[in-house]
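Residue indices begin at 1 and follow the sequence shown.
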Amino acid sequence: MSGRGHRADARVLVCALGWIAFGVLNTATAGSTPDWPDTLLTRLEALALIQTLNAKILASNSATGSLGQWCQAHHLAAEPLIVARRIDSLTEPPSPAQRETLEVGAHDLVRYRRVELSCGDHVLSIADNWYVPGRLTADMNRQLEGTQTPFGIVVQPLHVHRETLEAKVLWSPLPEGWEANEAAATPPPGARLQLPAALFEHRAILYTAQHRPIAEVHEVYQRDLLAFPEPQLHQNGD
């Protein structure tokens, strides 16, 4: 593809970013994983989608709510319900630094919960959660111990807000220097886009309305966020 062709594709993408962000996409096949052709345009589309969701979660008070909206907009399941599937084989006690952040003493109880946040058959995020049960109600603790309700939904009555400690992009669809190196930015003909399991991650503290910390979360967002058909964007006249 010529440099002019690359620039044309980029212009098409810029015009279409608003459509992508609002989920004007085809319906996903249940249980499908991302299966897009590997072209410069689809890599730019993947980058736009990842950064759109990344920014949305960073600006929100509920990662679960943002994932639910994403699932619904991109038709990842017939019922856009986010479920927290427990991973009980692992346990990780809080570090001294985490206890300090949570404002608890060395002997105060801090519980650990690791879950897959899923929409239908798609795992959208794997989340580690260290929370202070003494700052939650008995019913909240019961739900966290015995149900698949996500943490963010359980603690909604506390009017929780998030403060991000760290946000990191784990994969970029475009190689470094792609804008100046046509060869590096041009995938081989007929290739399929290969996505790693993890796309980006966040670490955050959850606070009550009284700014009392109740949990630290570490969320790793997964490739099934893009488990829908690639956007059908075409130049005018195509």
Side-chain angles (χ1 to χ4, degrees), residues 16-25 28 33-34 43-77 79-87 98 101-102 113-131 144 148-174 195-209 211 213-228 231:
L17 287 181
W19 301 347
I20 296 172
F22 284 99
V24 183
L25 302 166
T33 56
R43 284 178 173 266
L44 287 166
E45 290 164 347
L47 178 62
L49 286 159
I50 291 168
Q51 295 294 5
T52 294
L53 180 59
N54 190 18
K56 184 177 181 66
I57 294 171
L58 289 172
S60 76
N61 284 326
S62 173
T64 301
S66 297
L67 290 177
Q69 293 169 9
W70 185 266
C71 179
Q72 182 175 24
H74 297 86
H75 309 291
L76 294 179
E79 184 180 5
L81 177 67
I82 303 299
V83 173
R85 300 193 176 105
R86 295 283 298 266
I87 305 174
Q98 286 175 312
T101 300
L102 292 171
R113 188 177 190 242
R114 181 177 174 88
V115 300
E116 293 177 339
L117 291 174
S118 302
C119 180
D121 295 331
H122 300 291
V123 176
L124 306 185
S125 172
I126 297 176
D128 297 287
N129 187 338
W130 295 264
Y131 66 95
L144 292 172
Q148 294 186 327
T149 307
F151 188 87
I153 294 177
V154 170
V155 300
Q156 273 182 343
L158 299 179
H159 305 289
V160 168
H161 64 277
R162 291 166 60 100
E163 291 189 8
T164 302
L165 299 176
E166 182 181 24
K168 184 185 299 184
V169 174
L170 301 177
W171 177 71
S172 173
L174 298 173
L195 279 72
L199 303 180
F200 60 96
E201 65 180 333
H202 293 168
R203 288 178 56 243
I205 300 294
L206 305 186
Y207 292 91
T208 66
H211 202 69
I214 59 171
E216 179 174 332
V217 295
H218 176 211
E219 303 151 341
V220 181
Y221 293 90
Q222 305 293 300
R223 63 184 167 209
D224 268 18
L225 289 163
L226 300 183
F228 46 80

Margin query: I need the full list of salt bridge (charged side-chain N to carboxylate O under 4.0 Å, His left out) pairs touching residues 152-162, with sequence neighbours left out, sorted by first then second residue.
Written below: Arg162-Glu219
Next item on the list: Evaluate the side-chain proximity of Leu225 to Leu67: yes if any heavy-atom separation is below 4.5 Å, no if none is.
Entry: yes
Check: Please walk me through it: do Tyr131 and Ile214 pass side chain to side chain contact (heavy atoms under 4.5 Å, CB included)?
Finding: CA-CA 6 Å; Tyr131 66 95; Ile214 59 171; 5.9 Å; no
Margin query: Within this structure, what is the CG-CG distance for the pair Leu174 and Leu44, rounded to the nearest 0.5 Å?
Written below: 5.0 Å
Margin query: Once you measure the plane-to-plane angle for Phe200 and Tyr221, does it fall in the parallel (<30°), tilted (30-60°) or perpendicular (>60°) bin?
Written below: parallel
Next item on the list: Can you see which heavy atom on Val123 is nearest to which on Asp224, and at what distance?
Entry: O-CB, 3.5 Å
Check: If you look at every heavy atom in Pro173 and Leu47, which pair is closest and at what distance?
Finding: CG-N, 3.6 Å
Note to self: My understanding is that only residues two or more places apart in sequence, or in another chain, count here; which of them pass side-chain contact (heavy atoms from CB on, under 4.5 Å) with Pro80?
What the structure shows: Cys71, Gln72
Check: Would you call Trp70 and Ile82 a side-chain contact if the rule is heavy atoms closer than 4.5 Å?
Finding: no
Check: Taking the side chain as C-beta and beyond, is there a heavy-atom pair between Ile50 and Leu226 under 4.5 Å?
Finding: yes
Check: Taking only residues two or more places apart in sequence, or in another chain, which ones meet Thr149 in a side-chain contact (heavy atoms from CB on, under 4.5 Å)?
Finding: Gln143, Thr147, Ile153, Val154
Checklist line | Smallest separation among heavy atoms of Leu76 and His122, with atom names | finding: O-CD2, 3.2 Å
Check: Which atom names give the shortest non-hydrogen contact between Ala63 and Ser60, and what distance separates them?
Finding: N-OG, 4.2 Å
Note to self: Using 0.5 Å steps for rounding, measure from the CD1 atom of Ile57 to the OG atom of Ser125.
What the structure shows: 7.5 Å
Note to self: Applying salt bridge (charged side-chain N to carboxylate O under 4.0 Å, His left out), can you list everything that pairs with Arg85, at least two apart in sequence or on another chain?
What the structure shows: none
Notebook entry, point to check: Which heavy atom of Ala84 sits nearest a heavy atom of Arg113, and at what distance?
Noted result: CB-NH2, 4.1 Å
Next item on the list: Measure the shortest side-chain to side-chain distance between Val115 and Asn129 over non-hydrogen atoms and say whether it is less than 4.5 angstrom.
Entry: no
Note to self: Quick check against the 3.5 Å criterion: does Gln222 have a side-chain atom that pairs as donor or acceptor with the backbone of Val220?
What the structure shows: yes
Note to self: So does Leu144 get a backbone contact from the side chain of Arg86, meaning a donor-acceptor N/O pair under 3.5 Å?
What the structure shows: yes
Note to self: With a 4.5 Å cut-off on side-chain heavy atoms, are Val160 and Asn61 touching?
What the structure shows: no
Checklist line | Interatomic distance, Arg114 atom CZ to Ile87 atom CD1 [nearest 0.5 angstrom] | finding: 5.0 Å
Check: Which heavy atom in Ala198 sits nearest to a heavy atom in Leu170, and how many Å separate them?
Finding: CB-CD1, 3.7 Å
Item checked: Student check: side-chain heavy atoms of Phe228 and His75 closer than 4.5 Å -> no
Item checked: Counterpart residues, side-chain hydrogen bond (donor to acceptor under 3.5 Å, both in side chains), relative to Lys56 (two or more places apart) -> Gln69
Notebook entry, point to check: Just by distance, with hydrogens left out, do Asn54 and His202 show a side-chain donor and acceptor under 3.5 Å apart?
Noted result: yes
Margin query: When you compare the side chain of Leu206 with that of Pro213, does any pair of heavy atoms fall below 4.5 Å?
Written below: no
Item checked: Pairwise distance OG1(Thr101) to CD(Glu163) - rounded to 0.5 angstrom -> 11.0 Å
Check: Residues in side-chain hydrogen bond (donor to acceptor under 3.5 Å, both in side chains) with His161, at least two apart?
Finding: His211
